[in-house]
Amino acid sequence: MPELPEVETIARGVDKRIRGDRIVQVWFSRHPQPFKTPRARQAKGLSGRAILAVHRTGKHIVFELSPLTSAPDAHEREALRPCAQWIVHLGMTGRLLVATPESPVAPHTHARLSLESGLELRFVDPRRFGRLEFRDLHRQAAFGAPGDEPLSIGQREFASLFRGRRLSIKAALLNQTLLAGVGNIYADESLFNAGIRPRRRADRLTLIELERLRLALREILTHAILLGGSSVSDYVGADGERGFFQLEHCVYQRTSEPCRRCQTPIRRVIVAGRGTHYCPKCQR
DNA sequence: CATTTCACCTGGTGGC
DNA sequence: TGCCACCAGGTGAAAT
C-alpha cells in the first residue's frame, strides 16, 4: 500500500523521466471509479499541456501543468507558471508507470497518456481505490492536502494535533486531515520506534511521548524514502524497481516473530479497523 | 461535532 | 488439483 515514502519515490521517478514532456493524447478506461473529475473533462483538460513538474503532497502525486498554448521549447516550459494540475492518488494498489507504447498493456490499466517524447505514462489499479483528478487553476484552488506534512511539522504543532482527541493514537496517525501521508505500515513502525502502544488514547500521551513519536516518524519516513519505500504486496517504483524498507520493518507483518529489540513475539490486533502490530514489552 | 463502522474492489491465501 | 470463502486496507459516506 503506497504511503508517503512510496508516493515520494514514485513522484521523484516520474518527475525525473517526464518533466518537460507534453501530453499529446489521452486514453481512459470505462470504469467510472477512478475518475474524480468526469472522464471527458479530464481528458480534454490534459491534452496538449506540458508537464512542468511532478511532486508529492501527502499521499497524492501532483502534476503541475502548463497552459494549453505554451512555449514550444522545453527550456522555456520550465519557467512557465502552472495553470492546471493532474492529481493522482494510488489508493491501495495503484501504480504509475512510464512505458514505451509498444510494451504490453497490463490488466486494469485505467489511463494512458501519450507524450510528445514517444513515452507513455500509465495508471494501473486492479482494486480501483485510486483516484484521478484534474484542476483548472483559473477556476479552482490549487491542490493542498488538509493535513500537515509529517516531515516538516514542528514540535508544538505536532503536539497540538492530538490535544483533546479521545481516539486511539493509531487512528489519529491514520487520519489524513491531521497528518498527511501516514498509513498502516508507518503508523505501526513509528509507534514501535517511539515505544507507544497503538491503543493509547491520543490525548493521554505525554509531551515527551509525542515528541518521541514525531522524531520516530520523521526518522522512519526519511530512511524509507532513502531505501525507495517498502515493497509489500505489489508496490514498485516508476521504473518497476522494488523498495527495500520492508527488510527493516520491526513489527509490520511480523506477527508472532521475535521483537528485534527484546525477542518477545510481536502481537497483532485490530485497532481503528486495521491490522495493527506491536511489541507488548517494548511498547507501553 | 467527534468518532466509529461500513462499502467499495480484486488478487492472494488457506482450508477442504 | 480445484474450488471457494475470506481477508487485506485508503478513503469517504453513513451511522452512532
Side-chain angles (χ1 to χ4, degrees), chain A residues 1-11 28-38 56-62 87-96 105-111 123-133 143-150 160-191 198-205 217 221 224 229-236 242-243 245-246 249 251-256 266-278:
Chain A
M1 50 250 56
E3 304 178 26
L4 189 152
E6 292 76 35
V7 177
E8 178 70 35
T9 301
I10 292 164
F28 286 144
S29 76
R30 293 169 314 284
H31 288 101
Q33 297 96 331
F35 302 96
K36 193 167 173 183
T37 307
R56 175 198 65 79
T57 299
K59 292 179 192 171
H60 297 263
I61 300 168
V62 181
I87 300 133
V88 176
H89 192 292
L90 300 172
M92 285 285 298
T93 53
R95 296 166 61 180
L96 271 181
V105 177
H108 309 292
T109 297
H110 298 290
F123 174 67
V124 181
D125 186 12
R127 248 170 260 189
R128 306 205 290 275
F129 283 4
R131 292 292 178 265
L132 305 176
E133 179 185 0
F143 176 80
D148 286 299
E149 280 288 329
S160 72
L161 289 180
F162 305 102
R163 204 162 295 146
R165 306 221 170 249
R166 304 167 67 85
L167 73 178
S168 66
I169 186 61
K170 163 109 180 196
L173 286 175
L174 295 177
N175 183 342
Q176 300 296 299
T177 65
L178 297 177
L179 280 179
V182 180
N184 209 34
I185 297 173
Y186 298 100
D188 282 4
E189 292 297 320
S190 64
L191 286 169
R199 280 207 232 263
R200 292 272 304 282
R201 247 175 67 170
D203 63 356
R204 297 265 176 91
L205 297 186
L217 213 37
L221 293 171
S230 301
S231 282
V232 295
S233 66
D234 53 2
Y235 161 78
V236 288
R242 294 168 58 82
F245 190 71
Q246 70 281 4
H249 290 174
V251 288
Y252 183 75
Q253 285 191 347
R254 294 194 65 244
T255 311
S256 303
I266 298 303
R267 206 170 280 178
R268 182 182 187 279
V269 293
I270 302 294
V271 181
R274 295 290 168 251
T276 298
H277 315 74
Y278 71 100

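Everything numeric here is computed off the predicted structure, so don't read it as measured data. Throughout, protein chains are lettered first and strands after them, A, B, ... in sequence-line order, and every chain is numbered starting at 1.
Remark: His89(A) is in phosphate contact with dT11(C), judged by side-chain N or O atoms under 4.0 Å from OP1 or OP2. Proximity of His31(A) to the phosphate of dC9(B): no side-chain N or O atom is located under 4.0 Å from OP1 or OP2.
Between the side chain of Gln33(A) and the backbone N or O of Phe129(A) there is no donor-acceptor pair closer than 3.5 Å. Checked by atom type and distance alone, the side chain of Gln176(A) never pairs as donor or acceptor with a backbone atom of Gly58(A) at under 3.5 Å. Within the 3.5 Å criterion, the main-chain N or O of Ile87(A) finds no donor-acceptor partner in the side chain of His89(A). Judged purely by atom type and a 3.5 angstrom limit, Thr276(A) uses its side chain to pair as donor or acceptor with the backbone of Arg274(A).
With sequence neighbours left out, the salt bridge (Lys or Arg N to Asp or Glu O under 4.0 Å) criterion links Arg254(A) to Glu257(A). Val105(A) meets the side chain to side chain contact (heavy atoms under 4.5 Å, CB included) test with Thr109(A), Arg112(A), Arg122(A); sequence neighbours excluded. Among residues two or more places apart in sequence or in another chain, the salt bridge (Lys or Arg N to Asp or Glu O under 4.0 Å) test is passed with Arg131(A) by none. In this structure Glu8(A) satisfies the salt bridge (Lys or Arg N to Asp or Glu O under 4.0 Å) test together with Arg12(A), Arg56(A), sequence neighbours excluded. Contacts of Lys59(A) classified as side chain to side chain donor-acceptor pair (under 3.5 Å), with partners at least two apart in sequence or in another chain: none. By the side chain to side chain donor-acceptor pair (under 3.5 Å) test, Asp188(A) is found to be paired with Lys170(A), His277(A), residues two or more places apart in sequence or in another chain being considered. Residues passing the salt bridge (Lys or Arg N to Asp or Glu O under 4.0 Å) test with Arg166(A), sequence neighbours excluded: none. Looking at residues two or more places apart in sequence or on another chain, you find a side chain to side chain contact (heavy atoms under 4.5 Å, CB included) between Ala272(A) and Ala171(A).
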Please list each protein N or O that sits under 3.5 Å from an N or O in nucleotides 6-8 of chain B, with the distance.
none

Are there any protein N/O atoms within less than 3.5 Å of an N/O atom in nucleotides 1-5 of chain B, and if so, which ones and at what distance?
{"unit_1": "dT3(B)", "atom_1": "OP1", "unit_2": "Arg166(A)", "atom_2": "N", "d": "2.6"}
{"unit_1": "dT3(B)", "atom_1": "OP2", "unit_2": "Arg165(A)", "atom_2": "NH1", "d": "3.4"}

Might you list the N or O atoms of the protein lying below 3.5 Å from N or O atoms in nucleotides 6-8 of chain C, with each pair's distance?
{"unit_1": "dA8(C)", "atom_1": "OP1", "unit_2": "Arg268(A)", "atom_2": "NH2", "d": "2.7"}
{"unit_1": "dA8(C)", "atom_1": "N3", "unit_2": "Arg127(A)", "atom_2": "NH1", "d": "3.1"}

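Across its full length, the helix from dA2(B)-dT16(C) to dC16(B)-dG2(C) shows an angle of 50° between the axes of its 5 terminal pairs at either end, rounded to 10 degrees.
One interatomic measurement links the two molecules: CG of Leu173(A) to P of dG9(C), which rounds to 15 Å at whole-angstrom precision. The distance between atom CG of Leu4(A) and atom P of dG9(C), rounded to the nearest whole Å, is 18 Å. Across the protein-nucleic acid pair, Leu132(A) atom CG and dG10(C) atom P stand 19 Å apart, rounded to whole Å. Gln176(A) places its CD atom 9 Å from the P atom of dG12(C), with the value rounded to the nearest Å. If you measure from atom CG of Asn175(A) to atom P of dG12(C), you get 11 Å, rounded to the nearest angstrom. Taking atom NZ of Lys36(A) as the reference point, atom P of dG10(C) lies 17 Å away to the nearest angstrom. In this structure, Lys59(A) atom NZ and dT11(C) atom C1' are separated by 9 Å, rounded to whole Å. Leu178(A) places its CG atom 13 Å from the P atom of dT11(C), with the value rounded to the nearest Å.
Nearest heavy-atom pair across Ala172(A) and Ala202(A) is CB-CB, 4.3 Å. The shortest non-hydrogen separation linking Gly94(A) to Asp125(A) is N-OD1, 3.4 Å.
Considering only the side chain of Arg128(A), dC9(B) comes nearest among dC9(B), dG11(B), dG10(C).
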